Every structure is written in C-alpha cells, then in structure tokens.
Number of protein chains: 2
Amino acid sequence: MSVFRINGDRLWDSLMTMAKVGATERGGNCRLALSQEDLAGRELFMSWCREAGMDIAFDAIGNLFARRKGLHDSLAPIVMGSHLDTQPKGGRFDGIYGVLSGLEVVRSLNDLGITTRHPLEIAVWTNEEGARFTPAMFGSAVFTEALSLQTALGAKDAMGISVAEALAEIGHHGTLPFKRPFDAYFEAHIEQGPILEDNGLPVGVVTGGQAICWLDVQVIGVGAHAGTTPMPLRKDAFLGAAEMAMALEALSRDFAPKGLVTVGQLEIAKSSRNTIPGSIQFTVDLRHHEDQQIHAMEQAVGARFAHIAQQRGLGLEINRHWLSPATPFDSACVAAVRAAVEELEYPHQDIVSGAGHDAIHLARHCPTTMIFIPCVGGLSHNEAEDALPEDVRMGCDVLLNAVLRRAHRLPD
Amino acid sequence: MSVFRINGDRLWDSLMTMAKVGATERGGNCRLALSQEDLAGRELFMSWCREAGMDIAFDAIGNLFARRKGLHDSLAPIVMGSHLDTQPKGGRFDGIYGVLSGLEVVRSLNDLGITTRHPLEIAVWTNEEGARFTPAMFGSAVFTEALSLQTALGAKDAMGISVAEALAEIGHHGTLPFKRPFDAYFEAHIEQGPILEDNGLPVGVVTGGQAICWLDVQVIGVGAHAGTTPMPLRKDAFLGAAEMAMALEALSRDFAPKGLVTVGQLEIAKSSRNTIPGSIQFTVDLRHHEDQQIHAMEQAVGARFAHIAQQRGLGLEINRHWLSPATPFDSACVAAVRAAVEELEYPHQDIVSGAGHDAIHLARHCPTTMIFIPCVGGLSHNEAEDALPEDVRMGCDVLLNAVLRRAHRLPD
C-alpha cells in the first residue's frame with residue numbers, strides 16, 4: 001500500500017516565517033486574537049493559500065476557511081486546522097502547527113497531482129488562546145453553537161475593546177454559515193505535555209479529550225493572633241487546606257495513572273505574617289479520561305475534605321465551577337490516523353489530550369480526531385516552546401495519509 | 001497589710017469616652033498613629049492629665065509623658081503606659097487600657113492623698129501598632145535606642161507622608177532625652193489571646209515576652225500544564241509547601257505547649273487554575289518562651305523542610321526574616337505584681353506575652369513587667385475587641401498596688 005510524504009523543509013520554513021510575525025525578544029510569538037499581529041499572521045497564511053490555489057472565506061466570528069476543491073465538490077469538506085493566535089508570550093508551534101500542516105498537506109497534494117473526492121478546507125479558528133478575550137476557543141465554540149455569536153461578539157479585552165469592534169477593525173468577518181456539515185476534522189498539534197518526549201515517540205494517536213472538573217473550595221477557620229493563641233485552641237484554615245492538598249495527592253494515587261489533581265490557586269484572606277489564617281479559598285483541577293471516574297474523583301474529594309474539615313472544626317464549602325465531560329474522538333478518524341502512522345512505520349502511542357483544543361468543540365459537530373507531536377521539555381504557552389523538525393515532518397506525514405484515507409483516495 | 005482600690009466606674013467611663021474619638025461604624029476605633037484622630041485622642045488624654053495635676057512633655061519621636069511629682073522628685077520616675085493609636089479597624093482597649101489605667105492610678109492616688117516617693121509618669125508611645133508607619137512600636141524603640149531617630153522620622157505612610165511631616169503637623173515633638181533613667185515600667189494590657197478567658201481568670205502576671213522567629217520560605221518546582229503532565233513527572237511546589245505545613249504542625253507537637261507555629265502568608269507565583277504551581281513563597285512564624293527552644297524549632301524546621309524538598313525534587317530557600325529573643329521581665333517587678341494580686345485575692349496565673357508590646361523594648365532599658373486582663377473571645381485588632389468592666393477594674397487595682405509597692409510606700 002502506498003504512503004505519501006509531505007515536504008518537511010517547506011513546512012519548517014513556513015513555520016519559521018510565520019514566527020517572524022509578532023516575534024518576541026526571547027524567540028516566542030505574540031499574536032493576540034484579532035490584533036494587528038494576528039491580522040498580519042492571517043494575511044501571510046492567506047497569501048500562501050492563494051498561491052496554493054485555495055479560496056478564502058470567513059464566518060461571522062472571524063473563523064477563516066481556506067478551501068481546495070474536491071472531485072465531488074458538493075460533498076462535505078474534510079477540514080484540517082487549528083489557530084494562529086498566541087499567548088502574550090507564546091510559542092511558535094501551539095496552533096500554528098495545525099494550520100500550517102494543513103497547508104503543507106494541500107501543497108503536497110498539489111505536488112503529487114492528487115485531487116481528493118471531498119473538498120479540503122483549512123480552518124483558522126478565532127481566539128483559541130483566550131488570552132485577549134474570554135472564553136478561550138470561542139471561534140470553534142460559536143461555529144459549533146456551543147456559544148452564542150452575540151455573547152462572543154460582546155466579549156471585551158482589558159482595554160474595553162469588544163470582539164465586534166476588533167473584528168470590524170481587521171475586516172475578517174464573513175457570511176459562511178455556522179455548523180455547516182464537515183465530513184471530518186483533523187487537528188495536528190504539539191502535545192503540550194511531556195509524555196511523547198519521555199517515551200521517545202514522534203507521534204501520538206489522540207483517542208479523545210479527558211474530562212475536566214474544576215472545584216472552588218473555601219475553608220473557614222478563625223483568624224487569630226499567631227503569638228497568643230495556643231495550638232489546641234486554633235482553627236487554622238491554612239493547615240486545613242494543606243491537609244486537604246495532601247489528601248488530594250493521595251487520592252490521585254487511587255486513580256493513577258489517568259487521574260490528575262492540581263491546586264493551582266490559593267488565597268489567604270486578609271493574610272498577615274503573624275495572623276492565623278481565618279479563611280482560605282483554593283481551586284482544585286481534576287482530570288480523568290473517563291466520565292465515571294471524574295465523578296468518582298469529585299465525590300472522593302468531597303468526602304475527604306469534609307472529613308478533614310470536621311476533624312479540625314473548620315467550615316467547608318465546595319462548589320463545582322465547571323465540568324467538561326470526556327470527549328472520545330471518532331473511532332473511524334482515530335483508525336485512519338492509526339493506519340497512517342502504521343503504514344509510515346513511525347513509532348507512536350495512543351494518547352489522551354489533556355489540554356483544551358478546538359477539536360474538543362468540533363468533536364460534537366463531526367467525526368474528529370487529533371495528531372500529537374512532542375514538544376521539547378513538554379513546554380508550551382512559553383516563548384521557549386520548541387519542536388524538532390523531524391517530529392514536525394512526521395506528524396504532518398501522518399496528517400496527509402490520514403486525510404487521504406478519509407477522502408477515500410486509498411482503499412482500506 | 002492594706003490594699004488600695006481604683007475607681008472602676010471612672011476608668012470605664014474614660015475608656016468609653018476615649019472610644020468616641022475615631023469611632024468606627026461597628027463599635028471599634030480608628031486612630032492611626034500621628035493622624036488627626038490620634039491627635040484628638042492625645043489631646044483628650046492630656047486634658048485629663050492636666051485636670052489630675054500632671055505636666056506634659058514630649059520627646060523628639062512624639063512619645064508623650066505625663067508626670068506627677070514625687071516626694072523625692074529627682075528620683076527616676078516609675079512609668080506606666082502603653083499607646084493610644086489603633087489599627088485601622090481596631091478596638092477600644094488594645095493600648096488604651098494601659099494608658100488610661102495609668103491615669104486612673106494617678107486619679108486614685110489623688111483621691112487617697114498619697115504622694116509616692118518616686119515621681120510617676122504615664123507614657124503614650126508613638127506608633128505602637130505599625131499600621132500607618134513601620135516598624136511597629138517605633139516610639140519605644142527610638143526611646144530605648146533600639147532604632148535610630150533618623151530611621152523612624154524617615155518612615156513614610158502609604159500616601160508618602162513621612163513621620164517627620166506627620167509629627168510637625170500635630171506638633172507633638174519635644175526635647176525630653178531618650179533613654180533617660182526609669183525606675184521601672186509597668187504596662188497593663190488586654191491579653192489579646194484566649195488563655196485567661198478560657199481559664200476563667202481576671203488577671204495574668206506576665207513573666208516575660210516569648211521569643212519570635214520569622215522565616216521566609218521559597219519552594220521552587222516546575223510550573224506545567226495541569227491537564228497534560230502525569231503525576232509522577234510533576235514537581236508541584238504547592239504540594240511541597242502543603243507537606244511542609246503539615247510537618248510544621250507535627251513539629252509544634254514536639255514543642256507543645258509553649259511552641260507555636262503559623263503559616264500566615266502564602267503566594268503562588270503566576271498562579272492559574274490549570275497550572276501546576278512552579279514557585280511558592282510562604283512565611284513561618286515560630287514562637288517559644290525560651291531562646292534555646294526557638295533555636296531548636298528553627299533548626300528542626302530547616303531539617304524537615306529540606307527533607308521534604310529533597311524527596312520531591314524541589315528547590316528550597318529559607319531565610320530568617322527576624323529573630324526576637326525571649327524577654328524575661330524583671331523579677332522584682334513581677335514579684336510586686338504577684339504580691340499585689342495576691343493581697344487583692346484576685347484569681348490569677350502567670351502568663352507569657354505572645355504579642356509584641358512597648359514593654360518588650362522597655363525591658364531592655366529598665367525593670368519592666370506587664371499585667372494582663374482577659375479580652376472577650378481572645379479577640380483583638382478587631383472592632384469587636386471587648387473586655388469586661390470587672391476585669392478592667394481588677395487589672396487596674398493590681399497596677400495601683402504594684403506601683404505603690406515599687407514606690408516603697410508599702411513595706412515588703
């Protein structure tokens with residue numbers, strides 16, 4: 001069975017050329033959503049797409065679609081893509097890799113003289129990062145109607161500029177309908193974690209997105225003077241919170257290796273060096289591949305925290321801030337990626353996406369999957385974010401062959 | 001042997017009248033050091049002193065001394081006192097009780113027609129609270145030459161107003177020399193802790209101030225994505241800090257009941273809900289009655305924290321921010337208080353001061369001790385700070401009789 005190859009040097013050159021737009025001093029990128037830098041990045045991409053014979057169109061939230069005609073052009077498109085916006089001190093690969101891999105697939109098909117049965121599209125989703133406007137991933141959320149257009153257009157940045165104003169400023173809004181049918185969606189991305197690198201593998205076959213549960217915890221004790229309150233008479237909210245954090249860590253071992261627990265934020269109210277903390281707020285981030293297990297984790301957190309609070313005579317309130325169920329990717333799309341990577345004989349493993357991606361929204365709209373490549377040191381959202389040219393090339397080879405399989409140009 | 005009594009109603013009335021100056025909505029007081037409210041409080045006190053036949057003088061840092069002549073007026077004065085400034089939302093007793101108890105002692109001696117051999121003075125120390133200017137207790141610190149006048153005068157409040165400017169504004173500076181000889185210093189104060197109330201006792205014979213050691217701890221891990229970093233690969237600085245807090249609590253049991261430990265402040269650098277904390281700073285407050293034991297505690301903290309950091313692969317830095325050695329009070333002064341309370345037949349116990357007081361500075365200058373009365377719920381630095389009129393009266397009775405003993409008006 002034949003396999004096809006993309007041009008790794010060309011893809012790398014495009015990545016490095018795009019990285020000059022909004023380049024930061026320490027080798028990263030700053031292209032905040034709908035900013036002039038984002039516009040410049042989009043325009044560079046659009047010029048490349050036009051050179052590759054593609055047509056450009058927008059929808060009302062500024063999602064950009066570059067289209068390559070199919071043999072049967074009325075069929076739903078097979079869509080590749082990701083985003084071009086970055087964190088304020090972001091890297092050169094997060095998002096950009098998925099967009100430019102899509103472009104490289106089209107360029108390679110042009111080189112090979114292959115026209116797919118389905119049309120192909122490359123999507124550039126608006127404001128994936130959520131660094132300028134919240135929520136993150138709102139372009140794909142509005143497209144899939146998980147978020148209303150009105151809400152997204154009304155979101156304002158720190159300067160008070162609305163999305164509607166920013167969109168009007170760069171002119172990237174159009175009339176493509178939301179939720180129009182896609183045959184499939186493939187998103188190539190750096191892993192943003194250390195697993196592939198640790199295992200020495202260039203490709204991850206992403207089987208889905210994990211479930212996420214965010215809790216807000218408040219522990220209420222009694223604030224008192226650190227020098228005059230005997231230990232047995234204290235109701236120290238911080239010691240309670242510390243014991244809860246230890247219990248959380250212990251709990252993660254019961255759900256190992258798929259269960260992840262993190263206390264990312266903690267605030268001591270009216271804190272002072274010589275005052276026993278009377279009130280603490282902290283966040284809990286729970287992750288698991290399976291919905292049933294995330295619920296079991298949430299329940300166990302509640303029970304263990306309540307036990308600690310009771311033993312210490314502390315007040316406790318736990319509120320669920322957000323619950324995002326697990327997102328299993330489409331088995332046929334995952335199978336296409338797996339078949340592609342096996343034919344290419346690239347070392348690989350199955351992996352679950354830990355971070356949020358536009359693909360998580362798309363999975364509720366059409367058959368969807370992702371392809372991961374390693375990033376150096378697992379580092380992302382960081383100017384030092386990096387990836388190896390070899391891995392960049394291999395991931396895009398997988399994308400090309402998976403898309404061709406999906407497009408029925410190759411027999412199963 | 002005769003005992004004398006103060007006028008409890010008069011003392012209570014004076015406390016309640018003073019509490020109208022800078023009264024806050026919830027029944028507390030706001031008289032920040034050297035503010036117009038502090039000036040008004042001082043002027044009220046000065047008018048009462050003049051009515052009681054006393055002379056007023058200041059030193060260069062604004063400490064106020066009201067003087068009652070002695071039979072041998074060239075002898076060093078026996079000094080009572082405390083402070084009239086408060087926290088921004090402070091109470092009606094912290095400091096004020098020590099000043100107005102001194103006044104009540106003088107008024108009672110006037111009623112009784114007693115002139116003591118030594119002159120008596122009431123000291124109002126400048127800026128005990130440290131709420132407007134730091135450091136706290138700088139009036140007594142400058143008087144005892146623990147702090148230079150220049151440093152104190154240069155301190156600025158949040159508005160950029162210096163102590164020198166604030167002092168000039170209220171005009172409460174004079175020429176009394178620092179470190180002039182005192183025969184003794186007695187400071188009556190609310191306990192600011194729950195011990196006396198818990199034990200149902202109206203009077204604490206204060207035998208000294210405990211040692212205080214303040215540490216700044218930094219724990220360095222690796223910040224990473226909460227959704228993509230497997231638990232075994234994490235270096236979570238917060239979990240390290242939480243385990244250190246647990247170790248600290250365990251350590252307090254080894255030094256029970258005199259050893260006190262508190263983590264009052266903690267900050268997660270660049271904290272976000274879905275980021276594993278990469279760097280944490282927190283404070284440790286250690287207290288013990290004995291210098292040797294505070295050193296042992298500090299050493300144990302270092303060893304246990306280092307062990308935890310090593311096991312977790314975390315970086316650790318511990319810096320000693322401040323060490324205040326234990327301050328044993330003068331045995332003769334303590335004996336005078338104990339004899340007074342026993343003659344009065346008031347229930348009492350020995351107690352060590354957990355908080356900082358002007359008396360801690362004075363103890364390095366002259367024979368010094370303190371007298372504690374309970375405060376309701378152990379609460380202080382709070383608008384709800386409260387004390388029972390009975391306890392207020394009994395504490396001042398003890399002050400009167402202890403001062404008379406010291407002044408050799410009563411045979412031992």
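Note that the coordinates shown come from a computational prediction; the quantities given were computed from them, not determined experimentally. Throughout, protein chains are lettered first and strands after them, A, B, ... in sequence-line order, and every chain is numbered starting at 1.
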Novice: From B:Leu260 CG over to A:Arg234 CZ, what is the distance, rounded to the nearest 0.5 angstrom?
Specialist: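 Result: 5.0 Å between the selected atoms.
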
Novice: Contact part of B:Val261 toward chain A, heavy-atom cut-off under 4.5 Å: side chain, backbone, both or neither?
Specialist: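 For B:Val261, heavy atoms of backbone and side chain both lie under 4.5 Å from chain A.
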
Novice: Give the interface residues of residues 208-222 of chain A toward chain B, defined by a heavy-atom separation under 4.5 Å.
Specialist: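 Listed by number: A:Gln210, A:Trp214, A:Leu215, A:Asp216.
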
Novice: Quick check: under 4.5 Å, non-hydrogen atoms only, which of residues 248-259 of chain A neighbour chain B?
Specialist: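 Within residues 248-259 of chain A, near chain B: A:Glu249, A:Ser252, A:Gly259.
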
Novice: Does atom CD (B:Gln293) have a neighbourhood of more than 12 heavy atoms from anything else shown, all under 6.0 Å?
Specialist: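 Result for CD/B:Gln293: enclosed.
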
Novice: Please report the shortest heavy-atom distance between B:Ala245 and A:Ala242, naming the atom on each side.
Specialist: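 Nearest heavy atoms, B:Ala245 then A:Ala242: CB-CB, 3.8 Å.
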
Novice: Should we say atom CD of B:Glu290 is surrounded by more than 12 heavy atoms from elsewhere, each under 6.0 Å from it?
Specialist: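 Enclosed: over 12 neighbouring heavy atoms sit under 6.0 Å from CD of B:Glu290.
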
Novice: Roughly how far apart are B:Lys89 NZ and A:Lys270 NZ, rounded to 0.5 Å?
Specialist: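 Output value for this atom pair is 8.0 Å.
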
Novice: Measure A:His321 against the heavy atoms of chain B and call it side chain, backbone, both or neither at under 4.5 Å.
Specialist: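 Contact with chain B involves the side chain of A:His321 alone.
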
Novice: Go through B:Pro194, B:Gly193, B:Ser272 and name the one with the most non-hydrogen pairs under 4.5 angstrom from chain A.
Specialist: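 Most pairs with chain A among the choices: B:Ser272.
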
Novice: Report, one line per pair, each donor and acceptor closer than 3.5 Å where one atom sits in a side chain of residues 224-233 of chain B; sequence neighbours left out.
Specialist:
from, atom 1, to, atom 2, distance (Å)
B:His225, ND1, B:Gly227, N, 2.8
B:Thr228, OG1, A:Gln192, O, 2.6
B:Thr229, OG1, B:His225, O, 2.8

Novice: Is chain B contacted by the side chain of A:Arg273, its backbone, both, or neither, given a heavy-atom distance below 4.5 Å?
Specialist: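 For A:Arg273, the contact with chain B is made by backbone and side chain together.
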
Novice: Which bit of B:Ile268 is near chain A, if near means a heavy-atom gap under 4.5 Å: side chain, backbone, both or neither?
Specialist: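 Only the side chain of B:Ile268 comes within 4.5 Å of chain A.
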
Novice: Using a cut-off of under 4.5 Å on heavy-atom pairs, state which of B:His381, B:Arg312, B:Glu191 scores highest against chain A.
Specialist: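 With the most close heavy-atom pairs to chain A, the winner is B:Arg312.
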
Novice: Among B:Leu286, B:Val352, B:Leu266, B:Val263, which residue has the highest count of heavy-atom pairs closer than 4.5 Å to chain A?
Specialist: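 Ranked by contacts with chain A, first place is B:Val263.
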
Novice: May I ask you to name which of B:Ile280, B:Val284, B:Asn274, B:Thr275 has the most heavy-atom pairs under 4.5 Å with chain A?
Specialist: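 The option with the most such pairs is B:Asn274.
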
Novice: When only pairs under 4.5 Å are counted, which of A:Gly354, A:Ser380, A:Gly356 shares the most heavy-atom pairs with chain B?
Specialist: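 The option with the most such pairs is A:Gly354.
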
Novice: To the nearest 0.5 angstrom, please state how far the CG atom of A:Leu239 sits from the CE atom of B:Met246.
Specialist: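 Going from CG on A:Leu239 over to CE on B:Met246, the span is 5.0 Å.
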
Novice: Hey, can you pull the donor-acceptor pairs under 3.5 Å for the side chains in residues 197-204 of chain B, sequence neighbours left out?
Specialist:
from, atom 1, to, atom 2, distance (Å)
B:Glu197, OE1, B:Gly377, N, 2.9
B:Glu197, OE2, B:Gly377, N, 2.8
B:Asn199, ND2, B:Ile195, O, 3.4
B:Asn199, ND2, B:Gln349, OE1, 2.6

